[in-house]
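Contents: one structure, followed by commentary.
Only heavy atoms go into these numbers, but all of them, side chains included; no hydrogens, no water, no symmetry mates.
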Amino acid sequence: MLELGLKGHMGWPQVADRELAIAGTKAFLVYAAGVYSNMGNYKSFGDTKFVPNLPKEKLERVILGSKAAQQHPEEVRGLWQTCGELMFSLESRLRHLGLGKEGITTYFSGDCTMEDAKLAQDFLDSQNLSAYNTRLFKEVGQDGQPRYEVRLASVLGAEPALDSEMTSKLKSYTFRGSHFQVTRGDYAPILQKVVEHLEKAKAYAANSHQEQMLAQYIESFTQGSIEAHKRGSRFWIQDKGPIVESYIGFIESYRDPFGSRGEFEGFVAMVNKAMSAKFEWLVASAEQLLKELPWPPAFEKDKFLTPDFTSLDVLTFAGSGIPAGINIPNYDDLRQTEGFKNVSLGNVLAVSYTTQREKLTFLEEDDKDLYIRWKGPSFDVQVGLHELLGHGSGKLFVQDEKGAFNFDQDTVINPETGEQIQSWYRSGETWDSKFSTIASSYEECRAESVGLYLCLNPQVLEIFGFEGADAEDVIYVNWLNMVRAGLLALEFYTPETASWRQAHMQARFVILRVLLEAGEGLVTVTPTTGSDGRPDARVRLDRSKIRSVGKPALERFLRRLQVLKSTGDVAGGRALYEGYAAVTDAPPECFLTLRDTVLLRKESRKLIVQPNTRLEGSEVQLLEYEASAAGLIQSFSERFPEDGPELEEVLTQLATADARFWKGPSEAPSGQA
């Protein structure tokens, strides 16, 4: 799909029907803009497939009648023949990302199942190999037995590398009766480009931390070593208060159906000093605020490692979606012992604030003006608490490779059972590998809950400049926004497979369920009929009961979440989380029926058009584009002016080389990487 879009401004289609030309061009621009912004034809926020808003035959006429097709007839026709059917296919398995019969993904070959993914994770854990930069390919040998290839992303392939920590890992293994082969070189040509530019960036490093960080990133992407990326991330953590902030690598695991493999991302942003000053004050108060969280001190990190927390204005964010805030690195061992950085992306938050009153759904009329007034400020507070004290809190109980524990087995008591600790993480196990498919959403739920819980603290609100009635309005809108988000989350639930497609939205639905369960009229969700005669709904939050009913309920829930996470109790964690995440038509809410109402009234998702920079002599020029589908496409097409055609060719070659792993029409990848 990306290759068709990369032909950029296709030129006015030479078709006889001018009305078709206009409609077809608009439909293709909107579709191509979606492909670019999501890095494929599956939504980055929801993992569902989207198709062009035009019949296949008409879009074919538009594409083959374009200026691009006239200039490159064989290439454009070949791309259309490869992509056309798949672009429009809505076979059940191709409708969303997933594993086995549940969906499609190119993190795994088409014949891999969830059982294969679990086996591969156990194998990786046994070899102390991270899944972050891997893909799994399965083939059946002549003996009828499966053979697995774990392929690491790296510049180097089979060629030997002297003194590389990875060389000894590249071999065949037998694990639980199955054959595994660890190889590397996945996406080598693309990573070669990354390494070349990181080498150039070293000349502009502001200090030794940045120099060493870049050197380790280069080592990581060259060798396929996550350990090298960890070392680079350690230097990144130590680089406090840079004016220009950046990070790059295999970072977030949201789009892996198993929840362990990272999406390659990178960003460059500049510090917003005014907002960052508030976050610095929040950081200074963090140790005291951590004591307010509802779990015993033994379940908190032994020492709070003061992080950097800055508000950034994004210049470029390369990935399938742009978050509002980030707490990285994601490596558990670094987070427990070295710390992390918190980032709030201010200009991204500003975009999310914009809400037209007439398009504001599911709220009482009396709440709408207050919601619009305070949504932005309350979200600043929520993001700050979510990232710093949500993701930044809590201890994992670990037994290392020497058998030593990082907690006192004799004295630490599980507050939920009153007994000594019965489970923990063993060497090689991580939060992601152990909790796998629920890890991302569970952790987002914990962080969101911390934000709601601590926003009730007057000290927190004072840091952000809110006191008195304003502070109470911020609290109310923050909780109301979470309750409304829990209802909106139903868009991202698939009844056919009883599965959630978006980690954050699943988390918000779970919180809604917890607050509904608290009872006493704290939260109600009521089906109604809208002024247009169609089904509607209203959410209500009794602000007088937030502290008396809502806080105790959230306190109990948060403690359970943290205890189960700390102890690595996967069975208990799944039972708790999946229980609250279940979507049924049981009264009084009847969520499955409400889902139809949510889909009926859903808003279009905003697309963010990013600028580019260009060096003219010694001056850097900022190139901005109109806020439209065409502007977004132009932004991408001008992003790589020197090697765009080469990158197109490389991407096509990589897709072709791996096509055999998705042999049948129901197993072919539709542009999702």
Side-chain angles (χ1 to χ4, degrees), residues 201 204-207 209-210 213 236-248 251-252 265-286 289 306-319 321-329 339-355 372-392 447 451 454-455 459-466 470 474 477-478 481 606-613 620-625 627 635:
Y204 302 95
N207 52 53
H209 289 312
Q210 292 183 9
M213 171 188 79
W236 181 71
I237 294 168
Q238 295 168 3
D239 183 29
K240 304 286 187 181
I243 296 173
V244 177
E245 186 63 279
S246 65
Y247 196 62
I248 191 169
I251 312 301
E252 301 293 355
E265 304 172 21
F267 72 84
V268 176
M270 284 69 65
V271 172
N272 179 322
K273 293 184 178 179
M275 180 57 77
S276 295
K278 295 180 181 179
F279 288 142
E280 288 172 9
W281 191 5
L282 186 64
V283 170
S285 307
L289 291 172
T306 305
D308 225 12
F309 197 170
T310 50
S311 176
L312 303 177
D313 288 328
V314 174
L315 175 63
T316 296
F317 202 109
I322 308 177
I326 318 170
N327 178 286
I328 44 180
F340 49 87
K341 279 188 181 183
N342 292 279
V343 170
S344 173
L345 304 179
N347 53 346
V348 178
L349 286 169
V351 171
S352 69
Y353 297 162
T354 56
T355 304
I372 290 170
R373 168 69 181 85
W374 292 107
K375 181 188 176 186
S378 70
F379 202 39
D380 282 335
V381 174
Q382 179 68 12
V383 169
L385 294 171
H386 173 116
E387 299 297 344
L388 176 65
L389 298 167
H391 291 315
L454 288 180
C455 83
Q459 181 185 357
V460 168
L461 297 169
E462 185 181 346
I463 288 171
F464 285 89
F466 305 120
D470 286 353
V474 166
V477 171
N478 194 32
N481 188 44
K606 297 180 179 74
L607 299 180
I608 297 179
V609 180
Q610 299 190 53
N612 288 319
T613 55
V620 176
Q621 301 294 322
L622 182 69
L623 306 179
E624 297 184 277
Y625 305 90
S635 167

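The local environment of NZ in K273 is sparse, with at most 12 non-hydrogen atoms from other residues, nucleotides or ligands closer than 6.0 Å. Heavy atoms from other residues, nucleotides or ligands lying under 6.0 Å from CD1 of I243 number 12 at most.
One finds the CG atom of D239 at 4.5 Å from the CG atom of N207 (value rounded to the nearest 0.5 Å). One distance of note links CG of L282 with CG of N342; it measures 8.5 Å at 0.5 Å rounding. Note that CG of L623 is 7.5 Å distant from OG1 of T613, once rounded to the nearest 0.5 Å. The line from OG of S378 to CG of L461 is 10.5 Å long, rounded to the nearest 0.5 Å. Going from atom CE of M213 over to atom OG of S246 covers 4.5 Å, rounded to the nearest 0.5 Å. Remark: M270 CE to N347 CG distance equals 8.0 Å, nearest 0.5 Å.
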Should C455 and V474 be marked as a side-chain contact (heavy atoms from CB on, under 4.5 Å) after you check the CA-CA gap, both sets of side-chain angles, and the distance that decides it?
-> CA-CA 9 Å; C455 83; V474 166; over 6 Å; no

For M275 and D380, run side-chain contact (heavy atoms from CB on, under 4.5 Å): C-alpha distance rounded to whole Å, both residues' side-chain angles, the deciding distance at 0.1 Å, then the answer.
-> CA-CA 9 Å; M275 180 57 77; D380 282 335; 3.7 Å; yes

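Partners of E265 by salt bridge (charged side-chain N to carboxylate O under 4.0 Å, His left out), not counting sequence neighbours: none found. Under the rule for a side-chain contact (heavy atoms from CB on, under 4.5 Å), the partners of I328 that lie at least two apart in sequence or sit in another chain are W236, Y247, I251, E252, F267, I326, N330. Residues passing the side-chain contact (heavy atoms from CB on, under 4.5 Å) test with T316 are Q610, sequence neighbours excluded.
A side-chain donor-acceptor contact under 3.5 Å links D308 to the backbone of G241. E387 places a side-chain N or O within donor-acceptor distance of the main-chain N or O of N327, the cut-off being under 3.5 Å. Put simply, the side chain of S344 never gets that close to the backbone of G325: no donor and acceptor are under 3.5 Å apart.
Shown here for T310 and F279, the closest heavy-atom pair between the two residues is C-CD1, 4.0 Å. In terms of heavy-atom proximity, K375 sits nearest to N481 at CE-OD1, 4.3 Å. Here the closest heavy-atom approach between residue S311 and residue S276 is recorded as N-OG, 2.8 Å. Taking both residues in full, the closest heavy atoms of P329 and G339 are given as CD-O, 4.4 Å, listed atom of the first, atom of the second, then distance. Considering all non-hydrogen atoms of both residues, V348 and A324 come closest at CG1-CA, 4.3 Å. When every heavy atom of V609 is checked against every heavy atom of A627, the shortest pair comes out as CG2-CA, 4.1 Å.
Side-chain contact between E624 and P611 is present, with at least one heavy-atom pair separated by less than 4.5 Å. Inter-residue side-chain proximity for V477 and R373 is flagged as unmet; no heavy-atom pair is nearer than 4.5 Å. In this structure, the side chains of P377 and F464 stay at 4.5 Å or more apart for every pair of heavy atoms. Proximity of D470 to W374: side-chain heavy atoms (C-beta onward) are separated by under 4.5 Å at one or more points. V271 places a side-chain heavy atom less than 4.5 Å from the side chain of L312. Within the 4.5 Å cutoff, the side chain of H209 has no heavy atoms near those of the P242 side chain. Residues L345 and F317 meet the side-chain proximity criterion, which asks for heavy atoms closer than 4.5 Å.
Counted by atom type alone, Q459 and S285 present one or more donor-acceptor pairs between their side chains at under 3.5 Å.
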